[in-house]
Amino acid sequence: MERRVVGYVYESPSVREFTFVVSRDAEDVGVGDYVVVREPDSDGRELLGRVEDVRRDVHEGIKGEIAKASMVSGRPVPELDWTVVARVEVLGALEDGRLRDPRMPARPTDAVYRLPESELEELFSKGEVFLGRLKDSRARVFLGLNELITLHCAVLGMTGSGKSYTVGVLIEEMARHDIPVVVIDPHGEYTSLREPSHDRERLERWGLEPEGLDDVEVFAPPHSEGVKDYPITIDTTKLEVDDFEVLAPELSKRKAAPQVLEEVVKELQRRYRETGEKYSLEDVVEELDAQAKRARASGDVVQYQAARAVLRDLRPLLRYGIFDMAESPDLRRHVRPGRVLVLNLRGVPDRAQQIVVTHFLRRLFELRQRDEIPPVFVVLEEAHNFAPAGEERSSSKTALSVVRDFAREGRKFLAGLCVVSQRPGRVDTTVLSQCNTMIVLRTANPDDLENIRKSGEGITREALERIKGLPTGTAFVTGSAIRIPAFVDVRPRMTRHGGETPDVREIVERWKEDDAEEDLDLGI
């Protein structure tokens, strides 16, 4: 397909912006179209831009300005629809297929060409990760695999925008390229990755087929009702005193409590070093209980109350069975090329989730430092809970430090992080700023939009305005993994999406049927 002239430059106030009057036969020019115009005084370089706004303007001065410019240049006035004006954001100067900083603004009366889909595909298909198609186009968009892993990424968007669906696409692509994936899954949305999608018709339109992932392992707490293949357990002997303090927030309310807990843990650690016998959380609780009884018998009220305060926090965690004398998953054994590990934390209390995330992120980082596992892609769902912004922090949000370290240092050791959140305004700015690629779906909250703007490159005010009204499944993508910022329709998943919004009417109907059957059984 050849390029087509869609208009002529009218005004060019800077190297980053120009407007053009649309040709009479190009009324289909719309927001989001990619156009080029020759950069003045260059050796064939072209200014690449994206149409940000199209308006009808009855200002007669436009025609006069074009006529004046035509007289100066010695070229005839082109046939134009004088009432349709498009404003273009210049993305850069194209040179040998790469974008450079523009040196000169567009020149009035120069022809503006719309890029055909064949050229758009050439521009956006340099990566390995197939994300989708340019919005309102069939040109495919690929992201750079290396950039996603070595420079991190963020998937952001309000509830119902298609955020977890998009993450599912990234996981499919990582598995296809044999990159191991570890998913921190607080809501159990990713346990369906091994099942094929039911949306065969939509997949066929994209030239894809339903296909579950072959190598998925799901870990969940031993006593949880969530989907699991194996239990999540932490070797209690590997926890430090600081980790136990996270599990017992009452410590800050009792002066003697930290000392009591430290004494118990230090004693159990001493026995472990001497005998080699590991201990579980049950052993810690039993030792604290014995400490409380001794304090009561001796009349030491302060020590007794401190021990009881710690026990009140630790005992409820026993029923989840997370803290044991063995480690599961054993990351050195389970992290394998192309495998997806899902840590299903659905129903686990927040304090225990913080410990699980802290422990396994730290362990992943250590193993990559020593090159004991392959390069890995870590998906951190609900990132605002594990890496909260300043005003959201509390003593119980303890994963923040290790998430920060992972974001800052992981790239050096090929440990990639994908930060996922529906409230980017509540995500720690240090963590978010380390994500060099932003995949932003519909977001309306002003604080969230401001945090996105500050953290990401190439996000203009115009782009933010469009992000507010994006349809579900469409994202604005910018950063190191994509050559040119773009609005992208995310491709359909080949695996089944486990985070669909439930149909309330369908659920109510099922309840009605169950009630009717129960009434019959009761003879009502």
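The closest donor-acceptor contact from the side chain of D428 to the backbone of A387 lies at 3.5 Å or more, if one exists at all. At least one donor-acceptor pair under 3.5 Å links the side chain of S192 to the backbone N or O of R496. R453 places no side-chain N or O within donor-acceptor distance of the main-chain N or O of L464, the cut-off being under 3.5 Å. When atom types are taken as modelled, the side chain of E195 and the backbone of G212 share no donor-acceptor pair closer than 3.5 angstrom. Panel note: side chain Q354, backbone A399; a donor-acceptor pair is recorded below 3.5 Å. Between the side chain of N451 and the main chain of D448, no donor-acceptor pair closer than 3.5 Å is present. A distance-only check finds a donor-acceptor pair linking the side chain of Y165 to the backbone of R493 [under 3.5 Å].
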Take R194 and V218 through the test side chain to side chain contact (heavy atoms under 4.5 Å, CB included) and record every step on the way to the result. CA-CA 10 Å; R194 60 175 63 132; V218 180; 3.8 Å; yes

Run the numbers on V488 and F124 for side chain to side chain contact (heavy atoms under 4.5 Å, CB included), then give the verdict. CA-CA 11 Å; V488 180; F124 287 97; over 6 Å; no

Go through the steps for E95 and R45 under the test salt bridge (Lys or Arg N to Asp or Glu O under 4.0 Å), then give the verdict. CA-CA 6 Å; E95 185 176 33; R45 296 206 321 175; 3.6 Å; yes

Working for side chain to side chain contact (heavy atoms under 4.5 Å, CB included), residues V37 and V90: CA-CA 10 Å; V37 63; V90 176; over 6 Å; no

How far apart are the C-alpha atoms of R442 and T472, what are their side-chain angles, what is the distance that settles it, and do they pass the side chain to side chain contact (heavy atoms under 4.5 Å, CB included) test? CA-CA 7 Å; R442 183 174 64 252; T472 299; 3.4 Å; yes

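Atoms CD and CG, on E465 and D53 in that order, are 11.0 Å from each other to the nearest 0.5 Å. Going from atom CG of L343 over to atom OG1 of T191 covers 12.5 Å, rounded to the nearest 0.5 Å. Rounding to the nearest 0.5 Å gives a distance of 12.0 Å between CZ of F386 and CG of L400. Summarising the geometry, atom CG belonging to L193 is positioned 12.0 Å from atom CG belonging to D214; distances are rounded to the nearest 0.5 Å. If you take CG on L48 and CD1 on I484, they are separated by 5.0 Å, rounding to the nearest 0.5 Å. Note that CD of E128 is 10.0 Å distant from CD of E173, once rounded to the nearest 0.5 Å.
Contact check on R50 versus E89 returns a salt bridge, with a Lys/Arg side-chain nitrogen under 4.0 Å from an Asp/Glu carboxylate oxygen. With respect to the salt-bridge test (charged N to carboxylate O, under 4.0 angstrom), the residues R176 and E211 do not qualify. Ion pairing between D489 and R138 fails under the 4.0 Å rule for side-chain N and carboxylate O. Ionic pairing of E201 and R205 is present here: one or more N-O contacts between side-chain nitrogen and carboxylate oxygen are shorter than 4.0 angstrom. The pair E39-R100 does not meet the salt-bridge criterion, since no charged nitrogen lies less than 4.0 angstrom from a carboxylate oxygen.
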Please table the atom pairs, donor to acceptor, closer than 3.5 Å between any side-chain atom in residues 405-421 and protein atoms at least two apart or in another chain.
{"from": "D405", "atom 1": "OD1", "to": "R408", "atom 2": "NH2", "distance (Å)": "3.3"}
{"from": "E409", "atom 1": "OE1", "to": "K412", "atom 2": "NZ", "distance (Å)": "2.6"}
{"from": "R411", "atom 1": "NH2", "to": "Q434", "atom 2": "O", "distance (Å)": "2.7"}
{"from": "R411", "atom 1": "NH2", "to": "Q434", "atom 2": "OE1", "distance (Å)": "3.0"}
{"from": "S421", "atom 1": "OG", "to": "H384", "atom 2": "ND1", "distance (Å)": "2.8"}
{"from": "S421", "atom 1": "OG", "to": "R423", "atom 2": "N", "distance (Å)": "2.9"}
{"from": "S421", "atom 1": "OG", "to": "R423", "atom 2": "O", "distance (Å)": "3.4"}

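Between S161 and T443, the closest side-chain pair of non-hydrogen atoms is not below 4.5 Å. Side-chain contact check for V141 versus V477: every heavy-atom pair is 4.5 Å or farther apart. Proximity of E450 to K454: side-chain heavy atoms (C-beta onward) are separated by under 4.5 Å at one or more points. Between W206 and R133 the shortest side-chain heavy-atom distance falls below 4.5 Å. Residues P210 and H198 fail the side-chain proximity criterion, which asks for heavy atoms closer than 4.5 Å. V129 has its side chain within reach of L170: a pair of non-hydrogen atoms, C-beta onward, lies under 4.5 Å apart. Here the side chains of S23 and Y8 are in contact, with some heavy-atom distance below 4.5 Å. Between V31 and R87 the shortest side-chain heavy-atom distance does not fall below 4.5 Å.
Other residues, nucleotides and ligands place more than 12 heavy atoms under 6.0 Å from the CD atom of Q369. The number of heavy atoms from other shown groups lying within 6.0 Å of CZ (R200) does not exceed 12. For Y113, the OH atom is loosely surrounded, since the number of other residues' heavy atoms within 6.0 Å does not exceed 12.
In terms of heavy-atom proximity, L345 sits nearest to Q353 at O-NE2, 3.2 Å. Nearest heavy-atom pair, L213 versus E172, reported as atom, atom and distance to 0.1 Å: CD2-CA, 4.4 Å. The two residues L432 and S455 make their nearest non-hydrogen contact at CD2-OG, 3.6 Å. Nearest approach of F476 to A463, heavy atoms of both residues: CZ-CB, 4.0 Å. Taking both residues in full, the closest heavy atoms of L151 and S480 are given as CD1-OG, 3.3 Å, listed atom of the first, atom of the second, then distance. Taking all atoms of both residues into account, the shortest heavy-atom contact from A175 to V340 is CB-CG2, 4.5 Å.
Taking P337 as the reference, D178, P374 meet the side-chain contact (heavy atoms from CB on, under 4.5 Å) condition, with sequence neighbours excluded. In this view, Y190 satisfies the ring pair (Phe, Tyr, Trp, His ring centres under 6.0 Å) rule with no residue, not counting sequence neighbours.
Ring centroids of Y10 and F20 are separated by 6.0 Å or more, keeping the two rings apart.
The residue from D28, V36, V51 that alone fulfils the side-chain contact (heavy atoms from CB on, under 4.5 Å) condition with R114 is D28. Screening D185, V182, I232 against F219 for a side-chain contact (heavy atoms from CB on, under 4.5 Å) leaves a single residue, I232.
Both tests pass for R466 against the ring of F487: distance under 6.0 Å to the centre and angle within 45° of the axis.
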